[in-house]
Number of protein chains: 2
Amino acid sequence: MDERREPTMRDVAALARVSVKTVSRVVNGLPGAGPEVAERVRAAARSLGYRPNLTASSLRRSDKRSATIGVLFEDLSNPFDSALLRAVEDRARQNGVLVLAGSSEDEPHLQRELLESLATRRVDGMVVMAVGGHQDALQQERERGTPMVLVDRPPTFGGTDSVTTTNRDSSREAVLHLAELGHRHIAFLGDRQTLWTSQERYTGYLEGLAHAGLKLREDLVRTDLKGPDAAERATAELLARDPRPTALFTAQNLVTVGAMRVLRARDLHQRVALIGFDDFPLADMLQPAVTVVRQDVPALGRKAAELVFARIEGDTSPPVHAVVPATLVRRGSGEIRP
Amino acid sequence: MDERREPTMRDVAALARVSVKTVSRVVNGLPGAGPEVAERVRAAARSLGYRPNLTASSLRRSDKRSATIGVLFEDLSNPFDSALLRAVEDRARQNGVLVLAGSSEDEPHLQRELLESLATRRVDGMVVMAVGGHQDALQQERERGTPMVLVDRPPTFGGTDSVTTTNRDSSREAVLHLAELGHRHIAFLGDRQTLWTSQERYTGYLEGLAHAGLKLREDLVRTDLKGPDAAERATAELLARDPRPTALFTAQNLVTVGAMRVLRARDLHQRVALIGFDDFPLADMLQPAVTVVRQDVPALGRKAAELVFARIEGDTSPPVHAVVPATLVRRGSGEIRP
DNA sequence: ATGAAAGCGCTAACAT
DNA sequence: ATGTTAGCGCTTTCAT
């Protein structure tokens with residue numbers, strides 16, 4: 001385990017009795033090296049345990065590529081985020097690209113710091129889940145020319161690609177589904193309104209009510225619920241309203257969890273309908289199984305990665321705003337009648 | 001969004017009418033720059049939008065640090081892995097270090113490739129969840145002097161730190177818990193036996209039986225279950241045995257999920273006891289709530305990160321094999337009597 | 001307190 | 001087919 005110096009191209013060149021440039025050619029598989037010499041170089045490299053230094057290479061090379069992209073999500077331990085990361089990673093691997101990952105915690109200052117850390121390391125591009133209401137740092141980075149794709153939430157500034165889900169349409173569909181079952185009092189529980197997704201889902205909820213000819217009851221709307229605890233308190237309050245809501249539309253996965261806890265605690269889970277936005281593991285194992293709007297996370301991640309790579313390759317076509325369809329997965333909780 | 005060249009220290013130096021070295025001093029907050037000059041430099045840097053190039057800096061600097069570590073887990077979308085990643089990330093952030101993350105998929109060739117990708121990028125150290133039975137590539141990397149810590153599974157070679165859980169003891173505790181309730185026929189369902197964790201948990205199961213004076217029924221042992229589907233089939237088979245097991249010990253989270261599905265499908269979930277290794281979201285929301293052995297994932301990740309950083313700093317003390325205690329969380333499914 | 005020169009490990013742009 | 005020279009953006013070393 002001793003710390004001997006990493007061998008360099010010079011070491012290999014010396015051992016193979018050729019110039020560094022020849023080693024460079026062989027290592028990179030470029031033409032211009034005779035088969036004999038090439039073999040001698042490879043042998044020398046092997047015997048020294050030589051490994052190319054991408055840092056040095058990318059510094060000198062004209063395209064300056066680091067074969068690394070940055071991924072900046074809200075919380076890498078959230079199932080949605082980690083599934084997305086994995087999808088990006090898989091696509092990146094096809095290009096021989098590695099992923100520098102970070103969690104912004106929805107904190108503007110963390111987003112800014114991480115952005116700077118990534119820039120400092122000269123990543124080739126970034127896939128970012130923007131902090132709600134704080135895209136100025138992203139815009140600045142973008143204006144410097146850094147290839148960037150926003151996921152889950154679109155840019156509030158121009159000239160940048162994004163990949164999002166059918167938040168509004170799918171939310172409307174969910175609410176209409178409840179209305180069709182006869183629900184007249186459908187509550188909305190949503191995450192922070194600074195998040196575009198939350199706004200869209202709320203709008204979809206409103207559209208659903210309107211299409212169904214239902215009157216909006218503002219006392220059945222609770223937003224800015226950050227985390228399951230806030231969702232629990234809100235659910236408890238909603239259930240105290242008169243008339244009591246017969247169905248809940250929970251617009252984010254942690255909110256869904258909080259609402260479920262309360263329904264269960266009050267033994268209302270078989271009586272009050274529930275549709276959640278975002279699928280989650282074991283949703284099908286609960287009783288009743290939970291009806292959800294499922295995003296196509298692998299598709300979101302893949303598309304985002306493909307867009308950054310296209311931009312990295314120099315694609316200058318107009319910005320793309322890809323929208324990946326989500327699906328209503330009927331499992332039971334959303335099929336409870338009033 | 002135009003692609004102007006990133007400003008360099010030279011540009012800043014020229015604008016501030018000082019030498020590059022002075023800019024370097026100011027940028028890195030080193031002494032040896034008068035307050036006036038320093039301010040001039042900062043102003044120039046700001047007006048040009050200068051950002052240091054860590055790639056170039058780390059190439060030249062004597063310690064060669066990239067302020068980046070590699071994290072190589074089995075599957076970044078697995079809740080256990082992603083929670084671990086997050087813990088490592090949080091600890092790394094305290095050191096101003098970023099994380100290059102990859103999934104090995106438990107594939108030796110992927111592990112090898114990713115290892116090489118990380119080495120090529122000259123990460124300062126690595127936190128690795130070793131592919132079962134294939135640690136040769138890790139050993140080679142380690143022998144080159146790369147600071148490395150194994151998590152979840154210990155090294156099969158010497159001179160390397162590791163952080164693991166009380167797999168064996170906690171498994172024994174789980175089995176004893178079932179035995180104390182009166183269970184005599186306790187089945188074991190485990191993941192791939194190439195994984196050290198699986199072996200340990202199986203050994204703990206055996207110890208539990210032995211301590212309780214129960215006879216091992218080999219027909220109640222199923223190993224090498226990769227993923228929920230394999231677990232489902234195995235569970236179905238086990239439930240056909242005579243006498244039927246009255247309790248299941250499922251030694252990995254996906255295995256637990258598979259077993260639960262079958263118990264539920266046969267309406268046995270209230271009659272057959274179940275304890276799973278690894279906690280998972282919503283385990284408390286199922287009926288019955290699922291009794292699990294919970295690992296302290298944040299502690300695992302933090303400890304692993306701290307160990308790599310110590311090694312990066314040059315700590316040459318003997319290898320550490322930290323063991324983080326897991327806890328039996330009694331929720332109901334493990335308290336069902338035979 | 002400041003700077004000039006050299007060089008990290010590699011590749012670009014020319015030689016030969 | 002191979003080598004030479006320069007230089008990427010920065011830090012080291014040694015001047016001044």
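We use all heavy atoms of the structure for the numbers below, so side chains are in, but hydrogens, waters and symmetry mates are not. We name chains A, B, ... by the order of the sequence lines, and we start the count at 1 in each one. Because the structure is predicted, anything quoted here is derived from the model rather than measured.
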Listing time: all N or O pairs from protein to nucleotides 7-11 of chain C that are below 3.5 Å?
unit_1, atom_1, unit_2, atom_2, d
C:dG7, N2, B:R60, NE, 2.3
C:dG7, N3, B:R60, NE, 2.6
C:dC8, O3', B:K64, NZ, 3.4
C:dC8, O2, B:R60, N, 3.4
C:dG9, N2, A:A56, O, 3.4
C:dC10, OP1, A:Y50, OH, 2.5
C:dC10, OP1, A:N53, N, 3.1
C:dC10, OP2, A:M9, N, 2.5
C:dT11, OP1, A:N28, ND2, 3.1
C:dT11, OP2, A:S24, OG, 2.7
C:dT11, O2, A:R60, NE, 3.4

* To do: For B:G32, answer base if it contacts any base atom (sugar-phosphate contacts may also be present), sugar-phosphate if it contacts only those atoms, and nothing otherwise; contact means non-hydrogen atoms under 4.0 Å.
  => base
Can you list the residues that meet the side-chain hydrogen bond (donor to acceptor under 3.5 Å, both in side chains) rule with [X], with sequence neighbours excluded?
{"X": "A:R121", "result": "B:T68"}
{"X": "B:E105", "result": "A:R86"}
{"X": "B:S317", "result": "B:D315"}

* For A:R65 and A:I312, run side chain to side chain contact (heavy atoms under 4.5 Å, CB included): C-alpha distance rounded to whole Å, both residues' side-chain angles, the deciding distance at 0.1 Å, then the answer. => CA-CA 9 Å; A:R65 299 276 174 79; A:I312 291 172; 3.5 Å; yes
* Asked: Can you check the B:L30 CG to C:dT2 C1' distance for me, whole Å?
  -> 14 Å
* Structure fact -> From CZ of A:R17 across to P of D:dA1 the rounded distance in Å is 20 Å
* Is any side-chain nitrogen or oxygen of B:T22 closer than 4.0 Å to OP1 or OP2 of C:dG3? -> yes
* salt bridge (charged side-chain N to carboxylate O under 4.0 Å, His left out) contacts touching residues 39-51 of chain A (sequence neighbours left out) -> A:E6-A:R51, A:E39-A:R42, A:E39-A:R46, A:R51-B:E141
* Structure fact -> In terms of heavy-atom contacts, B:P7 and B:G49 come closest through CG-O, 3.7 Å
* Asked: So, B:E74 and B:R153, do they make that salt bridge, N to O below 4.0 Å?
  -> yes
* Degree of bending in the helix from C:dA1-D:dT16 to C:dT16-D:dA1 once both end axes are built from five pairs, to 10° -> 30°
* Hey, are A:R142 and A:T160 close enough side-chain-wise for a donor-acceptor pair under 3.5 Å? -> yes
